[in-house]
Amino acid sequence: MRLLEYQAKQIFKNYGIPIPKGEVAKSIEEVEKIAEKFNGKVVLKAQVLVGGRGKSGGVRKATSVNEAKKIATELFGYNIKGHIVKKLLVEEMLEIKSEFYAGFTIDRSSKSIVAILSTMGGMDVEEVAAKYPQKIAKQKIDPRWGLWDYNLRNLLKNSSSPKELWSDLSDILRKLYNIMISYEAELVEINPLALTPQGLVAADARLNIDDNAIFRKKELFEMREITEESEIEKEAIKFGLNYVQLKGNVGIIANGAGMAMATMDLIKIMGGEPANFLDVGGGASKEVVEKAIEIITKSGVKSIFINIFGGITRCDEVAKGIVDALNRQKIGIPIIVRLSGTNEEEGKNILKKLKNIIVVNEMEEGAKIAVDLAR
Amino acid sequence: MRLLEYQAKQIFKNYGIPIPKGEVAKSIEEVEKIAEKFNGKVVLKAQVLVGGRGKSGGVRKATSVNEAKKIATELFGYNIKGHIVKKLLVEEMLEIKSEFYAGFTIDRSSKSIVAILSTMGGMDVEEVAAKYPQKIAKQKIDPRWGLWDYNLRNLLKNSSSPKELWSDLSDILRKLYNIMISYEAELVEINPLALTPQGLVAADARLNIDDNAIFRKKELFEMREITEESEIEKEAIKFGLNYVQLKGNVGIIANGAGMAMATMDLIKIMGGEPANFLDVGGGASKEVVEKAIEIITKSGVKSIFINIFGGITRCDEVAKGIVDALNRQKIGIPIIVRLSGTNEEEGKNILKKLKNIIVVNEMEEGAKIAVDLAR
Amino acid sequence: MIFLSIIVDENTKVVVQGITGKQGSFHTQRMLSYGTKIVAGTSPGKGGSEILGIPIYDTIEEAVKESKANTSIIFVPAPFAADAVMEAAEANLSVIVCITEGIPVHDELKFYWKVKEKGAILVGPNCPGIISPGKTHVGIMPTHVFKRGNVGVVSRSGTLTYQISYNLTRLGIGQSTVIGIGGDRITGLSFVEVLEMFEKDEETEVVVMIGEIGGRDEEIAAEFIKDMSKPIVGYIAGLTAPPEKRMGHAGAIVEGGVGSAESKIAALKKSGVEVGKTPMEVAEIVARKMKR
Amino acid sequence: MIFLSIIVDENTKVVVQGITGKQGSFHTQRMLSYGTKIVAGTSPGKGGSEILGIPIYDTIEEAVKESKANTSIIFVPAPFAADAVMEAAEANLSVIVCITEGIPVHDELKFYWKVKEKGAILVGPNCPGIISPGKTHVGIMPTHVFKRGNVGVVSRSGTLTYQISYNLTRLGIGQSTVIGIGGDRITGLSFVEVLEMFEKDEETEVVVMIGEIGGRDEEIAAEFIKDMSKPIVGYIAGLTAPPEKRMGHAGAIVEGGVGSAESKIAALKKSGVEVGKTPMEVAEIVARKMKR
């Protein structure tokens, strides 16, 4: 779960990290009010969960209230890579002397948390890493012992950060780490961490929380409501489905992320275009399967390929979900079903009674039919 | 630093551990007021930091307000092993069905925290451990990973605690552990942990905080003021001296706890009685040495043996402290000084100019003279 | 000399953690049917009773003491699964198979190191377990798709493991050991560790490695494969996954070009690994290799 | 074959952590005078400068890289000392001598395991360090009381170590290595670990073990001594310490009879150890043993 910038900044502020003065606006009137407080010298930032927001024109500067209003008019409703701008963060314009990158994430190779610091903030950190690897300092933080000052000293030293900023940078890094741990984050990041005449300020804020840990953080349930998943994606989340909408016309339902991806790849190989990624997870109930069919159907696909290889998932349960979906929903498109694995025979027996369903034995065969029928 | 029962109970309460209803009283009037709230059915507990308080008559039960007042009259000012009772904790009388012992401490052998649980609470836990070792369940808690539920399950299982109490006991143990960690305790203990018709209640509470960690816990400074060290001990603490008053007449000042104890032992071997333990610590300044002499002199000893073997402590600094003490204080008793180690010659040179000081080369010699002069 | 499969075999004695749960009891039954030696189960508070003829204990400590189990399989729900792994490691089990999906990654960071320190093997979490066809099955796999033979299979994806093993079996090719290392960011075993075991395993002639986008584990494995004597056949899922979209598994995130399917396939090919485009093709490549 | 002393010798290359502090610079000067090879110092923020001709670095990582130090000595104040130990362990130093007194015990619990995992030797904390007379001195001891010879000394108390070594030297008896393991509850080295090293050390003929009340380390050592070939002479401080009174060291608490001076002396005697009643007597017993 990724938080919107303004949500993340609020948390950063609660942990004592300096952030720019500013407020969230949902209307031109609100933008005007906020901009007036700063004599019109503001930055307007679209609150959407999209990478490269700046390059897409989602971050704009104004030097007067009128200009701020004009920019706001342009930004509200603006479509950035499929995300519609509904909220703007309106902030004071910072006087930036230099920009750092500071963050923590999880390093799967070393099974540790890794602290990252760079004096080349403001850019895409992957780009910096590719072009100037020596400009990205990293330190492993052993999860058993947590963050110690020496980790920070090594990081500061290797990043060639100016010594007069060591103490302030350490302070911010320590607080960021506390957020990383308290919120069970996958990623916490300040980019840019701006050096201003008033000191270091988190000009941007990113906080990605481990979805698996959200059950322990009740206060985040509410925040999640606000984050801009599409309506259809929100519904999928409610049912525990891993769903990502894409641009093709062959709908896919599979169990397991690997199988779902392999199915997408197969659709492509067969000459089609996958309309989505949808993993019903392990041991899906018939309700979940029914919901999955409903979601995919809504998204306007031409055919649906249900590809199940049951381990913890039972084929008979999946078949029951298909039956329920067909009984309760109006589905005008062909459904191709492939069931293998746990309780395969029982599942196939259930499906036998149904019309409008094409049952296949092999995934390659199913993918081919689904692609052909979507043309 | 050991907290008084009522201080520890307040912390336990803040962490969600049930404690009996009650209040602290400093006068008979206050006792009366509190006792009235409970219709006179109260327990009066002397707030002194002494082991075996109960056996010494420091814990008494009343069944009427008048009885409570009578007991309070006896208890206020009562001397329990040298500690004068100034405060009473007056609590509701619990209806106790059975008593547990629950605690955490540091296990120096296994370099871990150890959880302890026993169904034979209410007694001296060392006594239980000696007589019924199988009745004391212990679990090591690895400091790297902290407390996990499985540690508690193993503890509960091995303690033969009734299963219907597992959940409540776990809850209390988890909270106790949180106190152990947050307060950097050396020992946290509930004995007895009473099973009442209303559930488990911490009938007593003990919390010993690591003196070395108190610098990180500002809120404890104030509590320490209240704990009943003698005035002279409080002053010693202020100067970083490790001082314990004893009953003999030969005052001792040494550097290092081992050396101080060895010096005490030597006084005894020479036929004398040590009046105190006093360790000036490593690298003591002349101010600290001067203070040490002042404290010992005040306690009414017959002679003082200053036994220093300097490593990080410099003999010249110690000598300067002795000079200052003699210049500023009226000291009517003989001081025997033995200086060896770092800057020994410089120290001895400083002392050469002084009268009233007996300088010796060997500790055995110094101890003998100190004992002889104290007779 | 007997031919031992890797990690588990017919002498493996299993304790099931969370044996009374829906998944736990269902799969215990299935494993028993396959012939797996299940000697104990745990379910805190239910110690002293039994299920499917298997004695239940409150703690692993007790279960191990009484049953001499050396391997555990975990069906405990995600919020409590980390504790179950820690408990199994503390009880000195040599193999811990964690089926549970959805464990918080910060929990995984902790138990990874505990298991490591204890010198145990952790299979998973979020995995289908491990099977040595004809010997034992410590997992949730549809056992009928496997057949005893000489291909080792290691995979990050459960269902793809079944799919490709099924394809192999259909071509008459059996498996020595099939192991799902799990799809989470933090897994107990890496590809390299399993490849190393297969390289030494006398039963294994060819190894199938099933990867997916995210992380660098396949790239690291590609380096290791350069020094292996046995042929490896690869499959990587996620060629059509759009960058920066979450594909379900915490592990399946394309992180700015690093860990893309293209990068993994290129790395494997560079080490001489033939990579199949579809599960079927993987099986066909293996068939060719086996004939030589 | 050369005779090596235990833990440190003339080839030990030392980095001083906290070299610019009052204690750090004072004792660096003293160690240098003794001939200790001090090759680097650290003082965060002061890297690039030097003191007493020794280069200062911001981090141990850098200091080790530049100076090839293999041993560190820590003078960092208590609130920061745990971090210094962690840093030294992380930098793979093989010996870490922590002089600092007053470190919180929960900090000690953490770095103990870090040092252990790294396979380093931690001397201290709250200790006088270690000296191999005539070779090197990594500590704060008054060096003039020592003399090269064949008695190993291990002690929980700093000043008692000097006292007894002084008594030995006065009787003409030199020391192979003198090591203060520290007076805190949690120490890097136990008596047993040091006794084991002395047992193997060709330079050491007799060992003096100086204990005090609190804990069970002396009792455990007594068990170990039963299997040692070299004679041990003991001293235990605290016979007159009243029970339940804190005697300064966190370690020096009498815990309900366990760990009393009487219990320790009895355990040692049971293992054939002669225990001196005064420091002087300890030296006299050693003198007798050496004559044989």
Side-chain angles (χ1 to χ4, degrees), chain B residues 16 98 100 102 104 106-107 109-119 133-178 180-182 195 199-200, chain C residues 15 17-20 40-49 55-67 72 74 76-93 96 98 100 103-104 106-120 122 186:
Chain B
S98 65
F100 293 82
F104 290 87
I106 287 163
D107 179 16
S109 303
S110 67
K111 323 291 180 189
S112 63
I113 292 168
V114 63
I116 307 168
L117 182 65
S118 174
T119 55
Q134 79 288 358
K135 287 285 181 187
I136 303 255
K138 289 182 199 169
Q139 280 292 312
K140 283 178 210 162
I141 313 297
D142 193 310
R144 286 166 293 181
W145 288 283
L147 181 73
W148 290 75
D149 282 348
Y150 82 86
N151 298 125
L152 294 176
R153 287 197 299 275
N154 286 340
L155 187 69
L156 290 161
K157 185 80 193 166
N158 296 337
S159 70
S160 307
S161 299
K163 277 194 186 180
E164 63 273 18
L165 289 178
W166 278 20
S167 165
D168 288 352
L169 283 168
S170 292
D171 189 53
I172 285 174
L173 285 161
R174 231 177 267 118
K175 287 165 179 169
L176 259 191
Y177 179 78
N178 290 344
M180 177 84 181
I181 297 300
S182 303
L195 180 61
L200 292 164
Chain C
V15 51
Q17 293 180 257
I19 196 168
T20 57
T42 61
S43 185
K46 294 183 184 153
S49 55
I56 303 178
Y57 301 93
D58 290 312
T59 65
I60 288 280
E61 186 178 86
E62 199 193 356
V64 168
K65 205 176 136 199
E66 299 294 329
S67 72
S72 97
I74 295 172
V76 171
F80 314 106
D83 187 69
V85 177
M86 293 289 289
E87 183 178 9
E90 181 63 31
N92 296 312
L93 290 167
I96 302 163
C98 183
T100 312
I103 301 178
H106 285 262
D107 282 358
E108 295 178 337
L109 283 175
K110 287 180 194 126
F111 66 59
Y112 175 87
W113 290 103
K114 174 81 178 179
V115 170
K116 200 84 181 168
E117 189 194 273
K118 284 286 185 173
L122 173 64
I186 306 295

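Letters go in sequence order (proteins before strands), and every chain restarts at 1. What you see is a predicted model; the values in this text were computed from it and never measured.
Atom-to-atom distance recorded for D83(C):CG and L147(B):CG is 9.0 Å, nearest 0.5 angstrom. In this structure, the separation between CD on E87(C) and CG on D149(B) is 9.5 Å, given to the nearest 0.5 Å. Once rounded to the nearest 0.5 Å, the distance linking CD of E62(C) with CZ of R153(B) reads 12.0 Å. With rounding to the nearest 0.5 Å, the separation of OG1 in T59(C) from NZ in K157(B) is 6.5 Å.
Contacts of Y112(C) classified as ring-ring contact (aromatic ring centres under 6.0 Å, His included), with partners at least two apart in sequence or in another chain: none. Evaluation of the ring-ring contact (aromatic ring centres under 6.0 Å, His included) rule for Y150(B) yields no partner, not counting sequence neighbours. Here A81(C) pairs with T100(C), I103(C) under the side chain to side chain contact (heavy atoms under 4.5 Å, CB included) rule; sequence neighbours left out.
Under the 3.5 Å distance criterion, with hydrogens and angles disregarded, a donor-acceptor pair is assigned to the side chains of N158(B) and E61(C).
Heavy atoms closer than 4.5 Å to chain B are found nowhere in A91(C), neither backbone nor side chain. For chain C, no part of N151(B) is nearby; none of its heavy atoms comes within less than 4.5 Å.
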- request: Determine, step by step, whether K114(C) and W148(B) satisfy the side-chain contact (heavy atoms from CB on, under 4.5 Å) criterion, reporting the C-alpha distance in whole Å, the side-chain angles of both residues, the deciding distance to 0.1 Å, and the verdict.
  value: CA-CA 12 Å; K114(C) 174 81 178 179; W148(B) 290 75; over 6 Å; no
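When every heavy atom of W113(C) is checked against every heavy atom of W145(B), the shortest pair comes out as C-CZ2, 3.6 Å.
Crowding of K46(C) atom NZ: a count of heavy atoms from other residues, nucleotides or ligands under 6.0 Å not exceeding 12.
The stretch residues 163-175 of chain B places K163(B), W166(B) near chain C, each with some heavy atom under 4.5 Å from a heavy atom of that chain.
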